[in-house]
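Here is the structure we will look at, set down as structure tokens.
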Amino acid sequence: VTMGGVPVQQLQQAARQRTLTVVPHDSTIFKGTVENNLRMAKPQAAESELWAALEEVNLAAFCRSQQGLDTPLHEGGSNLSGGQRQRLAMARAARYPHLPLR
């Protein structure tokens with residue numbers, strides 16, 4: 001795996017931690033709403049930021065077809081597909097990579 005043509009192993013650990021985020025397949029999704037899950041990463045985010053994060057991971061159209069940011073989520077995101085759960089976790093991580101995902 002390379003970043004900018006440089007093998008990731010050759011990057012200093014601090015540089016890797018600032019620029020790379022791992023989103024595991026089984027990322028935690030909390031019971032509540034899509035908005036609640038995104039705000040765990042950045043409580044003061046504007047609504048437009050939340051939608052932008054969802055757009056980046058191709059989850060915005062699904063949310064709009066449901067109840068928007070108020071789309072309810074069951075414990076562990078059990079009412080989402082595996083891909084939707086991972087996309088929601090990626091939306092959290094893409095904007096706010098300094099937060100743990102699990």
Side-chain angles (χ1 to χ4, degrees):
V1 175
T2 63
M3 191 166 96
V6 178
V8 174
Q9 297 88 342
Q10 291 179 8
L11 298 173
Q12 292 183 0
Q13 182 177 353
R16 286 194 309 258
Q17 290 175 332
R18 279 193 313 272
T19 51
L20 301 175
T21 301
V22 174
V23 179
H25 177 68
D26 61 347
S27 296
T28 301
I29 302 299
F30 299 94
K31 183 177 180 179
T33 65
V34 168
E35 182 174 1
N36 296 143
N37 273 264
L38 292 175
R39 287 198 184 279
M40 286 179 180
K42 188 176 180 187
Q44 71 280 14
E47 188 173 315
S48 61
E49 290 180 87
L50 302 179
W51 281 110
L54 293 170
E55 289 286 351
E56 284 182 19
V57 299
N58 251 350
L59 197 57
F62 167 77
C63 290
R64 285 190 183 98
S65 75
Q66 301 298 305
Q67 296 175 28
L69 295 173
D70 292 328
T71 299
L73 300 174
H74 298 165
E75 191 68 38
S78 63
N79 59 319
L80 299 176
S81 71
Q84 290 167 329
R85 286 191 298 272
Q86 193 168 27
R87 286 171 190 265
L88 184 55
M90 289 181 347
R92 267 193 319 231
R95 296 287 189 179
Y96 322 106
H98 62 283
L99 294 169
L101 299 173
R102 303 181 81 186

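Just so it is clear, the model here is predicted, and its values are computed rather than measured.
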Side-chain contact, heavy-atom cut-off 4.5 Å: [X] with [Y]?
X     : Y     : result
Leu69 : Asn36 : no
Val34 : Leu59 : no
Leu38 : Thr33 : no

Rounded distance [0.5 Å steps], [atom1] in [X] versus [atom2] in [Y]:
X     : Y     : atom1 : atom2 : result
Met90 : Glu56 : CE    : CD    : 10.0 Å
Leu11 : Thr2  : CG    : OG1   : 9.5 Å
Ile29 : Arg87 : CD1   : CZ    : 13.0 Å
Gln84 : Leu73 : CD    : CG    : 10.0 Å

Is a side-chain donor or acceptor of [X] paired with a backbone partner of [Y] at a separation under 3.5 angstrom?
X     : Y     : result
Asn79 : Pro72 : yes
Arg92 : Ala41 : no
Gln10 : Pro7  : no

Please report the closest heavy-atom contact between [X] and [Y], naming both atoms and the distance.
X     : Y     : value
Ser27 : Val23 : OG-CG1, 3.6 Å
Leu80 : Phe62 : CD2-CE2, 3.7 Å
Cys63 : Thr71 : O-OG1, 3.7 Å
Trp51 : Gly68 : CH2-CA, 3.8 Å

From CA spacing to verdict: side chain to side chain contact (heavy atoms under 4.5 Å, CB included), Leu50, Arg39: CA-CA 8 Å; Leu50 302 179; Arg39 287 198 184 279; 3.6 Å; yes
Qualifying residues under salt bridge (Lys or Arg N to Asp or Glu O under 4.0 Å), relative to Glu55, sequence neighbours excluded: Arg64
